[in-house]
Amino acid sequence: MTILAIPNDLQHPRLGTAISIKVSGNAVQRNRIKRLVRESFRQHQDLLGGRDLVVLVRPGIRSRSNQQLLSALDTHWRTIAAHAHTGSDSH
RNA sequence: GAAGUCGGCCGGGCAGCCGCUGUGACGCAAGUCACGGAGGAAAGUCCGGGCUCCACAGGGCAGGGUGCCAGGUAACGCCUGGGGGGCGCGAGCCUACGGAAAGUGCCACAGAAAAUAUACCGCCUGUGUCCGCACAGGUAAGGGUGAAAUGGUGCGGUAAGAGCGCACCGCGCGGCUGGUAACAGCCGUGGCAGGGUAAACCCCACCCGGAGCAAGACCAAAUAGGGGAGCACUGGCGUGGCCCGCGCUGCUCCCGGGUAGGUCGCUUGAGGUGCGCGGCGACGCGUGGCCCAGAUGAAUGGCUGUCCACGACAGAACCCGGCUUACAGGCCGGCUUCCUCU
């Protein structure tokens, strides 16, 4: 997956997800990924500050377990938080 | 007990913590509490209807759909019951099942011939003969080809044969009986009409306006533009040689359209259910009690523990009725056939 980040003028982060039909033709699978991203975002939002974030997902993600996805997201959030002073960035 | 067939149902459970969302109560608010929160297919979007907006005198044509009969329904391409045909020992299953003597078209290959009919091998008669057969005529029983070849079986008949004649079956026509009907049975009659294909054109009967909740309605910034009234100047600019005229231009107020955004539509409905009644049934009627998702970047999730049979297909988006397709595993009941025991 790819996470895009850009500073916003608010005191809190905002999340968007882009999970296309190419990721999976099955709506239940797409919902599962979106909910995982959202849950992980909820747990890390204090870390992220005033940013707008978009999570882009590619087809390979289908085969990963919840555990794998959550730990990957955790790594991403920490990388973004570490770049606190560099402004717009892609991870 | 085995095999089968039909119908119905379930689709991980429990607990803890952290979340999301709707409604209600409380609160100035932040929020707190209570209750609710995906499916049998929510799927495909293939039919039917409601609802909304648009169009519309009536009729016809075109186009599309449906196609045995009766019933159910808001309606249907759905369902129920019945009839015909096919398959199965049976329970049961399948069935586009109107018309081919209204017309037109098509029928590969093989075959003599695929629909105007016709004769390859045969069979029979006659004539000729070099005794191998040839020619003329009759015939369509047999062989061969094909998915399909001018009704089937038997007897008579004949040179050989042929519905040529007869009996039975089949088919057409007429009548009678039963049935609401489809249709069935029986009686009489005709020696037989004459291939298939109508999910080929077509004919017949019946049905059908279009678009869809991003429908549609309401509230309504900023910016730009439009309309009206008043005031000011009796100004300025353009057109023109000039006057008139025409167009543009200032300020204030009012008006409507409408974008972003918001609200409604939005879930009480041809709703579901207990009982009673009517009906073989689909279903209908009466009555009691029930409220059962309503989001809008779009909620129904995450983590942990535990148990087991280790969890399939799959995510509401205006709402219903169907159809079709996908589905790990499991449960219940009716019926059929076979085997065994009593």
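Chain letters run A, B, ... following the sequence lines, proteins first, then strands; residues in each count from 1. Quick note: numbers below take in every heavy atom, side chains included, and nothing from hydrogens, waters or symmetry partners. What you see is a predicted model; the values in this text were computed from it and never measured.
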Dump the pairs, protein N or O against N or O of nucleotides 37-44 of chain B, anything under 3.5 Å, distances to one decimal.
none

With rounding to whole Å, what would you report as the distance between [N] and [M] at their [atom1] atoms?
N	M	atom1	answer
B:U45	B:G321	C1'	15 Å
B:G279	B:C51	C1'	34 Å
B:U252	B:G225	P	15 Å
B:C93	B:G7	P	7 Å
B:G230	B:C242	P	33 Å
B:C47	B:C323	P	16 Å
B:C338	B:C89	P	12 Å
B:C266	B:A317	C1'	10 Å

Please give the nucleotide sitting opposite [N] as a Watson-Crick or G-U wobble pair, both distances under 3.5 Å, or none.
N	value
B:A74	none
B:G111	none
B:A328	none
B:C237	B:G247
B:A119	none
B:A102	none
B:U32	B:A25
B:G333	B:C6

In terms of base orientation, is [N] syn or anti, with the syn window spanning 90° either side of 0?
N	result
B:C17	anti
B:U267	syn
B:G50	anti
B:G271	anti
B:G132	syn

Indicate yes or no: at least one non-hydrogen side-chain atom of [X] is less than 4.5 angstrom from one of [Y].
X	Y	result
A:Trp77	A:Leu53	yes
A:Ile3	A:Leu56	no
A:Leu15	A:Val55	yes

*salt bridge (charged side-chain N to carboxylate O under 4.0 Å, His left out) contacts touching residues 17-26 of chain A (sequence neighbours left out)*: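 Residue pairs with at least one partner in residues 17-26 of chain A: there are none.
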_If the condition is salt bridge (charged side-chain N to carboxylate O under 4.0 Å, His left out), which residues does A:Arg58 pass it with, not counting sequence neighbours?_
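In terms of salt bridge (charged side-chain N to carboxylate O under 4.0 Å, His left out), with neighbours along the sequence ignored, A:Arg58 is linked to no residue.
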_With sequence neighbours excluded, residues passing salt bridge (charged side-chain N to carboxylate O under 4.0 Å, His left out) with A:Arg78_ =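 Partners of A:Arg78 under the salt bridge (charged side-chain N to carboxylate O under 4.0 Å, His left out) test: A:Asp74.
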Provide a list of protein-nucleic acid N or O atom pairs under 3.5 angstrom, restricted to nucleotides 16-18 of chain B.
unit_1, atom_1, unit_2, atom_2, d
B:C18, O2', A:Arg42, NH1, 3.4
B:C18, O2', A:Arg42, NH2, 3.4

*asked:* For A:Gly16 and A:Arg32, find the nucleotide of RNA chain B closest to each by heavy atoms; which residue's nucleotide sits nearer the 5' end?
replied: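 Closer to the 5' end of RNA chain B: A:Gly16.
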Rounded to whole angstrom units, what separation is found between the [atom1] atom of [X] and the [atom2] atom of [N]?
X	N	atom1	atom2	result
A:Leu73	B:G302	CG	P	14 Å
A:Gln43	B:G301	CD	P	16 Å
A:Gln29	B:C313	CD	C1'	12 Å
A:Gln45	B:G302	CD	P	18 Å
A:Leu70	B:G301	CG	P	15 Å
A:Asn26	B:U325	CG	P	20 Å
A:Leu15	B:G19	CG	C1'	15 Å
A:Arg30	B:A299	CZ	P	12 Å

According to side-chain hydrogen bond (donor to acceptor under 3.5 Å, both in side chains), who are the partners of [X], at least two apart in sequence or on a separate chain?
X	answer
A:Thr17	none
A:Asn66	A:Arg32
A:Gln45	none

*Can you tell me if A:Ser71 uses its side chain to pair, donor with acceptor, with the backbone of A:Gln68 under 3.5 Å?*
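Looks like yes, one N/O pair under 3.5 Å.
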*Any sub-3.5 Å donor-acceptor pair from A:Thr79's side-chain atoms to A:Thr75's backbone N or O?*
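Side chain of A:Thr79 to backbone of A:Thr75: a pair is present.
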*With sequence neighbours left out, what residues match A:Gln43 under side-chain contact (heavy atoms from CB on, under 4.5 Å)?*
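Counting only residues at least two positions away or on another chain, A:Gln43 forms a side-chain contact (heavy atoms from CB on, under 4.5 Å) with A:Glu39.
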Produce the list of close N/O pairs, under 3.5 Å, pairing protein atoms with atoms of nucleotides 327-329 of chain B; give distances to one decimal.
none

*Which pair of non-hydrogen atoms, one from A:Leu73 and one from A:Val37, has the smallest distance, and what is that distance?*
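Heavy atoms only, the tightest pair is CD1-CA, 3.9 Å.
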*If you round to the nearest 0.5 Å, how far is CE of A:Met1 from CG of A:Leu69?*
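It comes to 5.5 Å.
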_Spacing of A:Arg14 atom CZ and A:Phe41 atom CZ [to the nearest 0.5 Å]_ =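 Rounded to the nearest 0.5 Å, the CZ-CZ separation comes to 10.0 Å.
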*For A:Lys34 and B:G315, is the shortest distance between a side-chain N/O and OP1 or OP2 below 4.0 Å?*
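For B:G315, OP1/OP2 do not have a side-chain N/O of A:Lys34 under 4.0 Å.
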*asked:* So A:Ser40, base contact, sugar-phosphate only, or nothing? Heavy-atom distance under 4.0 Å.
replied: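 Counting heavy atoms under 4.0 Å across all strands, no contact is made by A:Ser40.
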